[in-house]
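Chain letters run A, B, ... following the sequence lines, proteins first and then strands; every chain starts at 1.
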Amino acid sequence: MLLIPCPYCGERPEIEFTHGGEAHLIRPAPPAAVDEETWSQFLYMRTNLKGAYAERWRHARGCGKFFNALRDTTTDHFIAIYKAGEPKPA
Amino acid sequence: MSKQSFSALSLMWRGLSRHRGWQQQWRKPKPKPRYDAIIVGGGGHGLGAAYYLAKEHGFNDIAVLEKGWIGGGNTGRNTTIIRSNYLFNESAALYDHSLKMWENLSQVLNYNLMFSPRGVMMLAHTIHDIQVIKRHVHANRCNGVDNEWLEPAEAKAFCPPLNIENNIRYPVLGAALQRRGGTARHDAVAWGYARAADELGVDIIENCEVTGIRRDVSGAVEGVETTRGYIQSRKIGVSAAGHSSVVLKLAGVRLPLESFPLQALVSEPVKPVFPCVVMSNTIHAYISQSDKGELVIGAGTDAYTSYTQRGALHINMHTLDAICELFPAFRRLRMLRNWGGIVDVTPDRSPIIAKTPVPGLYVNCGWGTGGFKATPGSAHLFAWTIARDEPHPINAPFTIERFRDGVLIDEAAAAAVAH
């Protein structure tokens with residue numbers, strides 16, 4: 001089980017969290033003007049990166065807040081934790 | 001290389017002659033500079049595709065590139081359950097195509113795959129389960145796929161260790177039974193296809209990781225960079241399971257996939273106690289008994305994407321909680337080992353067997369948590385797609401473009417769990 005450092009509450013066990021999938025996906029707008037290809041890229045296509053992957057977590061059974069993490073998907077080690085809305089660390 | 005033929009008599013003869021004279025079952029060739037077709041991924045699906053390309057489509061110059069050892073990925077890590085009782089017409093056609101191939105595959109490959117159609121029983125624990133499972137039963141029968149409804153007492157008669165008392169949290173209210181479903185020996189599937197493909201001249205190249213895909217000015221593929229050098233080919237089929245996104249990214253293709261660790265575990269071996277396969281989607285239990293006597297238990301996927309081939313213990317404990325309630329006799333069994341595999345999951349939980357936007361590049365992926373059962377059918381259809389540059393009618397709906405066009409084959413919603 002992962003120990004996940006929530007930026008608001010500190011380290012907590014993984015079962016307190018839900019995984020929110022890939023981070024930094026931007027919803028295209030306005031909806032009526034967006035073509036199918038762009039919608040399918042946003043809704044379904046994923047980078048699914050092997051390496052440092054930016055992803056969303058929600059401390060669902062804790063503070064309830066969303067935040068972002070950079071995690072190495074080959075080791076599961078967290079590289080960086082940052083708040084929603086902040087840019088991805090270089 | 002002339003193939004050593006296996007039969008009861010030949011096995012007995014080798015046994016009596018001190019096991020001398022066994023032959024190597026496939027060669028260890030060096031990669032040639034070019035091939036007519038390359039399959040990336042030496043699991044059951046990839047080796048099978050190479051076999052059918054050689055056997056049915058007249059390709060005699062094929063390589064299978066495997067970054068590890070053959071059958072060391074998900075082919076050797078699954079819980080070997082075979083069934084075809086899927087809800088939608090497209091899925092039923094696909095999985096039943098495969099199930100029909102399993103039935104005589106041992107004879108076709110002259111390799112004992114230990115296919116055992118011992119019956120797959122799916123349990124219902126709530127009123128909603130009963131409705132959904134009965135709907136599956138009717139839909140399957142309309143598609144010519146056998147499936148029948150059992151009352152709790154009938155389920156108990158079919159699987160005596162099952163607890164059908166109503167004093168548990170999720171009592172068994174009934175079950176669906178596919179009698180043609182069952183299990184097979186997973187390693188033997190990889191070895192059987194490897195041996196049969198090798199005999200038809202397919203080069204199986206292990207320890208050879210694809211690190212790049214080269215394309216010509218028109219955009220079509222012209223070869224792959226590997227850890228064992230550049231290999232030229234105008235047709236490349238990727239059958240790389242959890243690493244499909246990684247390989248396709250080399251050609252600039254994005255896929256609707258996320259890769260998760262999926263775990264399984266086995267108990268200490270015991271005498272034959274468990275006659276069939278039992279699955280419960282609602283409380284998440286998947287169990288059967290191998291011929292070695294171990295109870296083979298399938299756990300769930302972890303919550304997060306990962307390529308680590310391991311997962312968290314609480315995922316296994318969740319499944320064991322359900323197993324212990326359903327089968328109280330197993331409460332004192334010790335678990336022997338657990339492991340993980342990386343599964344590539346699509347948003348609708350149906351696979352992709354299709355051409356990609358890149359000419360000459362084909363992909364067979366997205367099997368998620370249930371690809372083993374589809375091995376022969378998937379391999380057969382993938383070979384067809386590569387050879388003819390167009391899909392077989394059975395895999396025609398399983399495109400990448402279905403996500404753009406809104407024609408999902410939504411087995412995720414049908415089963416309400418990964419499966």
Side-chain angles (χ1 to χ4, degrees), chain A residues 1-6 11-26 28 31-32 34-62 66-81, chain B residues 67 209 211 240-250 252-261 263 301-318 340 342-350 352 356-357 365-366 399-408 410 412:
Chain A
M1 189 182 299
L2 302 180
L3 261 182
I4 302 177
C6 171
E11 271 192 351
R12 298 294 176 90
E14 178 198 326
I15 47 170
E16 292 187 12
F17 297 82
T18 50
H19 188 251
E22 185 171 356
H24 307 296
L25 295 171
I26 299 182
V34 173
D35 65 11
E36 288 159 355
E37 187 57 44
T38 312
W39 272 127
S40 78
Q41 288 293 329
F42 169 73
L43 290 170
Y44 299 120
M45 301 297 166
R46 294 294 177 262
T47 313
N48 198 22
L49 196 73
K50 187 176 184 180
Y53 194 48
E55 63 190 2
R56 302 159 78 221
W57 284 94
R58 180 167 180 247
H59 195 183
R61 263 98 38 209
F66 274 98
F67 58 92
N68 292 338
L70 203 57
R71 184 173 52 91
D72 186 342
T73 56
T74 63
T75 61
D76 291 340
H77 288 155
F78 285 99
I79 301 162
I81 297 281
Chain B
K67 74 169 176 172
E209 183 175 355
T211 55
H243 281 72
S244 300
S245 300
V246 176
V247 178
L248 269 285
K249 189 174 174 236
L250 301 172
V253 177
R254 267 167 80 83
L255 290 171
L257 295 178
E258 289 189 294
S259 295
F260 295 95
Q263 293 182 84
T301 49
D302 277 88
Y304 48 85
T305 55
S306 178
Y307 288 88
T308 54
Q309 292 191 327
R310 58 177 183 264
L313 190 63
H314 69 273
I315 304 286
N316 294 329
M317 296 307 291
H318 178 64
I342 301 304
V343 297
D344 45 330
V345 176
T346 56
D348 62 358
R349 303 295 189 273
S350 287
I352 295 166
T356 69
C365 66
T399 60
I400 305 176
E401 291 77 23
R402 73 175 186 266
F403 296 98
R404 180 195 65 200
D405 300 338
V407 280
L408 305 187
D410 206 348

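For B:Leu248, no part sits under 4.5 Å from any heavy atom of chain A, backbone or side chain. For A:Phe17, no part sits under 4.5 Å from any heavy atom of chain B, backbone or side chain.
Each of A:Glu22, A:Glu55, A:Glu36 has some count of heavy-atom pairs under 4.5 Å with chain B, and the biggest count is that of A:Glu36. Among A:Leu49, A:Leu43, A:Thr18, the residue with the largest count of heavy-atom pairs under 4.5 Å with chain B is A:Leu49.
Evaluation of the salt bridge (Lys or Arg N to Asp or Glu O under 4.0 Å) rule for A:Glu14 yields no partner, not counting sequence neighbours.
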Distance-only criterion, 3.5 Å: show the donor-acceptor pairs between side-chain atoms of residues 252-259 of chain B and protein atoms not counting sequence neighbours.
{"residue": "B:Arg254", "atom": "NE", "partner": "A:Gln41", "partner atom": "OE1", "Å": "3.2"}
{"residue": "B:Arg254", "atom": "NH1", "partner": "A:Thr47", "partner atom": "OG1", "Å": "3.2"}
{"residue": "B:Arg254", "atom": "NH2", "partner": "A:Met45", "partner atom": "O", "Å": "3.2"}
{"residue": "B:Ser259", "atom": "OG", "partner": "A:Asn48", "partner atom": "ND2", "Å": "3.0"}
{"residue": "B:Ser259", "atom": "OG", "partner": "B:Gly242", "partner atom": "O", "Å": "2.7"}

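Using a distance-only test at 3.5 Å, with no hydrogens or angles considered, no donor-acceptor pair links the side chain of B:Arg402 to the main chain of B:Ile352.
One distance of note links CZ of B:Phe403 with CD of A:Glu37; it measures 13.0 Å at 0.5 Å rounding.
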